[in-house]
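Single-structure report; data block below.
Each residue takes its place number in the sequence, starting with 1. These numbers were taken from a predicted model, which means no experiment stands behind them.
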Amino acid sequence: MKLLEDRIKKEGQALSETVLKVDSFINHQVDSEFMDALGRDFAEHFKDAGITKVFTIESSGIAPALMTAKHLNVPMVILKKQTSKILNGNVYQTRITSFTKGTSYELTLFADYIQPEDRILLIDDFLANGEAAMGASRIITESGATLAGIGILIEKSFQRGRKRLEEAGHRVYSQARIKRLDAGVIEFLAEDAPVTDVEENE
Ligand code: 5GP
């Protein structure tokens, strides 16, 4: 998606071979009009998928997920990151390990907010190794609902997440795909470029 690529070129900061900082419009300060445009694009892309709810993972996915839900005219649900297991209550939980941050958390969803007949569109800001998306997929599957699509703002295509999700049978659409990062360098991959084999890395 040209709009997002152009913004990344202008404001994105490649900190290393693996980390891209987009704090000025996605992760810290949020550009609401821009998020609305991204949400419209996701809604258009998945308009034939029968989506009944948009899910996201707190916190940076919330803004684009909300805009997507607005354009699809469905509710948005936030999967929470809890530090420990919730022992009472009707919840789905699964452990996620964040390689980028070296931390782990319990991805948590109250059962009231998902039904077996739901068709879910998952929206997240970054796709790296696919840990967060695979965790969300486990929760959705456990509830009996269907993960009908995954929308990502920025896919780091040199990491293994995209391949993992496609191998698991998911429909993935990334608005920007990054082929290579290095200090001060950001190279993009075409939207329809094939998914290549990647080393397990961060
Ligand atoms: P994954 O679960 O796919 O391994 O990692 C995705 C999650 O890690 C995203 O939800 C995002 O919060 C974070 N993340 C991964 N790589 C980056 C990055 O390069 N920049 C930023 N800002 N967040 C990242």
Determine whether a donor-acceptor pair (N or O, by modelled atom type, separation under 3.5 Å) exists between the side chain of [X] and the backbone of [Y].
X      : Y      : value
Thr146 : Ala148 : no
Ser98  : Thr103 : no
Lys81  : Glu58  : yes
Arg162 : Leu127 : no
Gln175 : Leu38  : yes
Asp6   : Leu3   : no
Ser157 : Lys179 : no
Arg138 : Arg95  : yes
Gln115 : Asp112 : yes
Arg177 : Ala190 : yes

Does a side-chain heavy-atom distance below 4.5 Å link [X] with [Y]?
X      : Y      : value
Leu181 : Ile186 : yes
Phe34  : Leu4   : yes
Phe55  : Ile139 : no
Ile26  : Met35  : yes
Asp31  : Arg7   : yes
Val77  : Ile114 : no
Phe188 : Ile8   : yes

Counting only heavy atoms not in [X], do more than 12 sit closer than 6.0 Å to its [atom1] atom?
X      : atom1 : answer
Glu17  : CD    : no
Tyr113 : OH    : no
Lys85  : NZ    : yes

Gap between atom [atom2] of [Y] and atom [atom1] of [X] - 0.5 Å precision:
X      : Y      : atom1 : atom2 : value
Met67  : Lys70  : CE    : NZ    : 5.5 Å
Leu15  : Asp182 : CG    : CG    : 11.0 Å
Glu187 : Phe158 : CD    : CZ    : 10.5 Å
Asp125 : Ile62  : CG    : CD1   : 10.5 Å
Glu33  : Phe25  : CD    : CZ    : 15.5 Å
Ile57  : Ile78  : CD1   : CD1   : 11.5 Å

Holding to side chain to side chain donor-acceptor pair (under 3.5 Å), I want the full list of residues that pass it with Thr141, two or more places apart in sequence or in another chain.
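For Thr141, no residue satisfies side chain to side chain donor-acceptor pair (under 3.5 Å) once neighbours in sequence are set aside.
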Is there a continuous path of hydrophobic side-chain contacts, each under 4.5 Å between heavy atoms, that joins [X] to [Y]?
X      : Y      : result
Leu72  : Val172 : no
Ile140 : Phe46  : no
Leu109 : Leu66  : no

What is the minimum heavy-atom distance between [X] and [Y], and which atoms define it?
X      : Y      : result
Val30  : Ala63  : CG1-CB, 3.8 Å
Ser174 : Glu155 : OG-OE1, 2.6 Å
Leu107 : Ala132 : CD2-O, 4.2 Å
Leu20  : Ala14  : CD1-N, 4.0 Å
Ser24  : Gln29  : O-NE2, 2.9 Å
Thr68  : Gly39  : OG1-CA, 3.5 Å

Apply side-chain contact (heavy atoms from CB on, under 4.5 Å) to residues Phe42 and Val54 and explain how you reach the verdict.
CA-CA 11 Å; Phe42 279 134; Val54 175; over 6 Å; no
Could you check whether the rings of Tyr173 and His45 sit parallel, tilted or perpendicular, using 30° and 60° as the cut-offs?
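Rings of Tyr173 and His45: parallel, under 30°.
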Show, in sequence, the C-alpha distance, side-chain angles and deciding distance for Gln93 and Thr108, and conclude whether the side-chain hydrogen bond (donor to acceptor under 3.5 Å, both in side chains) test is met.
CA-CA 5 Å; Gln93 278 195 314; Thr108 303; 2.7 Å; yes
Working for side-chain contact (heavy atoms from CB on, under 4.5 Å), residues Leu153 and Met1
CA-CA 9 Å; Leu153 272 64; Met1 189 208 186; over 6 Å; no
Looking only at side chains, do Asp36 and His71 share a donor and an acceptor under 3.5 Å apart?
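The answer is yes; a qualifying pair exists.
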Between Arg164 and Glu167, is there a side-chain N and carboxylate O pair less than 4.0 Å apart?
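The answer is no: the pair does not qualify as a salt bridge.
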Set out, in order, the CA-CA distance, both residues' side-chain angles and the distance that settles side-chain contact (heavy atoms from CB on, under 4.5 Å) for Phe126 and Lys156, then state yes or no.
CA-CA 7 Å; Phe126 274 89; Lys156 293 187 291 179; 4.3 Å; yes
For a side-chain contact (heavy atoms from CB on, under 4.5 Å) check, start with the C-alpha distance between Met134 and Leu165, then their side-chain angles and the critical distance, and finish with the verdict.
CA-CA 7 Å; Met134 290 298 284; Leu165 296 181; 3.5 Å; yes
Kindly indicate, with the supporting measurements, whether the criterion salt bridge (charged side-chain N to carboxylate O under 4.0 Å, His left out) is fulfilled by Glu5 and Lys2.
CA-CA 5 Å; Glu5 281 188 16; Lys2 190 169 181 313; over 6 Å; no
